[in-house]
> 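Below is a structure I'd like to ask you about.
In the text below, chain A, chain B and the rest are named by the order of the sequence lines, each starting its count at 1.
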2 protein chains.
Amino acid sequence: MKQSSNNKNNKYNVFFTNLANSLKIDIILSLRQKDKNVGEISNELGVEQSKVSHALASLKLCNIVSVKQNGKERIYSLNKKTILPMLNLIDKHAKDYCKCKCCAEKCGSKK
Amino acid sequence: MKQSSNNKNNKYNVFFTNLANSLKIDIILSLRQKDKNVGEISNELGVEQSKVSHALASLKLCNIVSVKQNGKERIYSLNKKTILPMLNLIDKHAKDYCKCKCCAEKCGSKK
DNA sequence: GTTTCATATGAAAACATATTCATATGTGTT
DNA sequence: AACACATATGAATATGTTTTCATATGAAAC
């Protein structure tokens, strides 16, 4: 009877899971303005370097960011083609449906 | 020096976190075709009823689905306006960037 | 080739969310 | 009111992902 798809690795799940993290979102929002190296991101967000590196590595796996070597630095840039329209959809969605100030607390996360 | 945004509840994170789950994705894909009650979804996916209920409750918090009572059933329907374009963006993204068959395994999730 | 700066990596711990299972609630029927 | 059906809820556990911290790697300068 078990006809479950059990499709843990479908592309949608992989993509959303990768983005389901506030640090990664902060990095994405930061890279929206301009390309940055790891140190710049780390300083700007006040977040430890290795944490940023881990987050970037994961974003890179899904081609959400890409990287260029420049001397000893690595410059990360955002793949805007996919992400920006996606953020816009969420902006629109939130505007339409999340009218109360408590919405952010209530949506999805128990925290 | 800690100038971190620490914005765990920003709308993007809340939204993506809610979607970062294969059952919820399966439910969304199923509701894409037509509205269904909990039992139908549960049967179709071969997934226990309470699991489906929990997933639907969480999707509802973000207005990704909505619900209508019909006798003792509850009919869930997908808010297509936001989700469908979002899935399309991911389709496009995967087509452009995830050319190898191993990509799904590699992207984002360690599993 | 040693030092310094920049970033990546591994592994354990911390954390968050999903799953499970027992049970409660709600709706209609008899 | 008792029952059956449909769905929701709570709480403990399981699972998966992030965080942390120590350390490794790589690139340039000396």
Side-chain angles (χ1 to χ4, degrees), chain A residues 2 4 6-10 13-27 35-62 65-77 105-111, chain B residues 2 4 6-9 13-28 35-62 65-77 105-111:
Chain A
K2 192 102 179 178
S4 134
N6 198 20
N7 202 5
K8 293 230 175 198
N9 273 358
N10 75 69
N13 188 42
V14 164
F15 201 87
F16 289 130
T17 299
N18 201 343
L19 292 172
N21 174 264
S22 60
L23 172 56
K24 289 183 196 163
I25 296 293
D26 288 341
I27 290 175
D35 299 354
K36 284 167 190 159
N37 65 38
V38 179
E40 287 172 321
I41 299 170
S42 182
N43 287 333
E44 183 186 324
L45 301 178
V47 166
E48 198 214 343
Q49 173 266 315
S50 78
K51 221 173 138 180
V52 173
S53 275
H54 279 299
L56 286 167
S58 152
L59 290 172
K60 194 157 105 53
L61 280 177
C62 273
V65 300
S66 60
V67 63
K68 251 184 323 199
Q69 189 93 22
N70 177 29
K72 21 187 176 178
E73 300 172 359
R74 292 194 179 187
I75 315 284
Y76 280 86
S77 58
E105 298 156 34
K106 283 160 77 187
C107 291
S109 161
K110 271 84 193 176
K111 272 281 144 48
Chain B
K2 192 98 178 181
S4 134
N6 198 20
N7 202 6
K8 294 233 175 196
N9 273 358
N13 188 43
V14 165
F15 201 88
F16 289 130
T17 299
N18 201 342
L19 293 172
N21 174 263
S22 60
L23 173 57
K24 290 184 196 161
I25 296 293
D26 288 340
I27 290 174
I28 286 170
D35 298 355
K36 284 168 188 157
N37 66 37
V38 179
E40 286 172 321
I41 298 171
S42 182
N43 286 334
E44 182 186 325
L45 301 178
V47 166
E48 198 215 343
Q49 172 266 316
S50 78
K51 222 173 137 178
V52 173
S53 275
H54 278 299
L56 286 167
S58 152
L59 289 173
K60 194 156 107 52
L61 280 178
C62 272
V65 300
S66 59
V67 64
K68 250 183 323 198
Q69 188 93 22
N70 178 29
K72 22 186 175 178
E73 300 172 1
R74 290 192 180 190
I75 314 284
Y76 280 86
S77 59
E105 299 157 32
K106 284 160 76 186
C107 291
S109 160
K110 272 85 194 176
K111 272 278 143 50

> Where each residue is assigned the nucleotide of DNA chain D containing its nearest heavy atom, which of B:Tyr76 and A:Asn21 is assigned the position nearer the 5′ end?
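Checking each residue's closest nucleotide, the 5'-ward one belongs to B:Tyr76.
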> The criterion is side-chain contact (heavy atoms from CB on, under 4.5 Å); which residues satisfy it with A:Lys60, sequence neighbours excluded?
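For A:Lys60 the side-chain contact (heavy atoms from CB on, under 4.5 Å) partners, ignoring immediate neighbours, are A:Val65, A:Val67, A:Tyr76.
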> Nearest-Å distance, CD1 (B:Ile27) to P (D:dT7)?
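In whole Å, D:dT7 P lies 13 Å from B:Ile27 CD1.
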> Can you list the residues that meet the side-chain contact (heavy atoms from CB on, under 4.5 Å) rule with A:Ser77, with sequence neighbours excluded?
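With neighbours one apart ignored, the set is A:Asp35, A:Ser66.
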> Between A:Asn37 and B:Ala20, which is nearer to the 5' end of DNA chain C once each is assigned its nearest nucleotide?
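This one resolves to A:Asn37.
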> Round to a whole Å and report the spacing from CG of B:Leu61 to C1' of C:dT17.
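Nearest whole value for this atom pair: 14 Å.
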> Rounded to the nearest 0.5 Å, what separates atom OG1 in B:Thr17 from atom CG in A:Leu19?
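It comes to 9.5 Å.
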> Just the rounded figure in Å: distance from P of D:dT18 to NE2 of A:His54.
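Nearest whole value for this atom pair: 11 Å.
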> Over how many whole Å does the gap from B:Ile25 atom CD1 to D:dG16 atom P extend?
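About 17 Å, once rounded to whole Å.
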> Identify, with sequence neighbours excluded, every residue that meets side chain to side chain donor-acceptor pair (under 3.5 Å) alongside A:Ser42.
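Side chain to side chain donor-acceptor pair (under 3.5 Å) list for A:Ser42, sorted by chain: empty.
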> Please list, chain by chain and in numerical order, all residues satisfying side-chain contact (heavy atoms from CB on, under 4.5 Å) with B:Lys51, sequence neighbours excluded.
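B:Lys51 satisfies side-chain contact (heavy atoms from CB on, under 4.5 Å) with B:Leu23, B:Val47, B:Glu48 once adjacent residues are dropped.
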> Please report, rounded to the nearest Å, how far the C1' atom of D:dT17 is from the CG atom of A:Asn13.
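Going from A:Asn13 (CG) to D:dT17 (C1'), I get 12 Å.
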> Rounded to the nearest 0.5 Å, what separates atom CD1 in B:Ile27 from atom CG in B:Leu45?
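Nearest 0.5 Å value for the CD1-CG distance: 6.5 Å.
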> Applying side chain to side chain donor-acceptor pair (under 3.5 Å), can you list everything that pairs with A:Asn37, at least two apart in sequence or on another chain?
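Partners of A:Asn37 under the side chain to side chain donor-acceptor pair (under 3.5 Å) test: A:Glu73.
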> Starting from P on D:dT17, measure out to CZ on A:Phe16 and report it in whole angstrom.
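Answer to the nearest Å: 15 Å.
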> If you compare every side-chain N and O of A:Lys51 against the phosphate oxygens of D:dC21 (OP1, OP2), does one of them come in below 4.0 Å?
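So the side-chain polar atoms of A:Lys51 never come under 4.0 Å of the phosphate oxygens OP1 or OP2 of D:dC21.
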> Polar pairs (N or O, both sides) under 3.5 Å between protein and nucleotides 22-29 of chain D?
none

> Over how many whole Å does the gap from A:Leu23 atom CG to C:dA16 atom P extend?
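So the CG-P distance, A:Leu23 to C:dA16, works out to 14 Å.
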> Let me know the distance between CG of B:Leu59 and P of C:dT17, rounded to the nearest Å.
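Rounding to the nearest Å, CG of B:Leu59 and P of C:dT17 are 14 Å apart.
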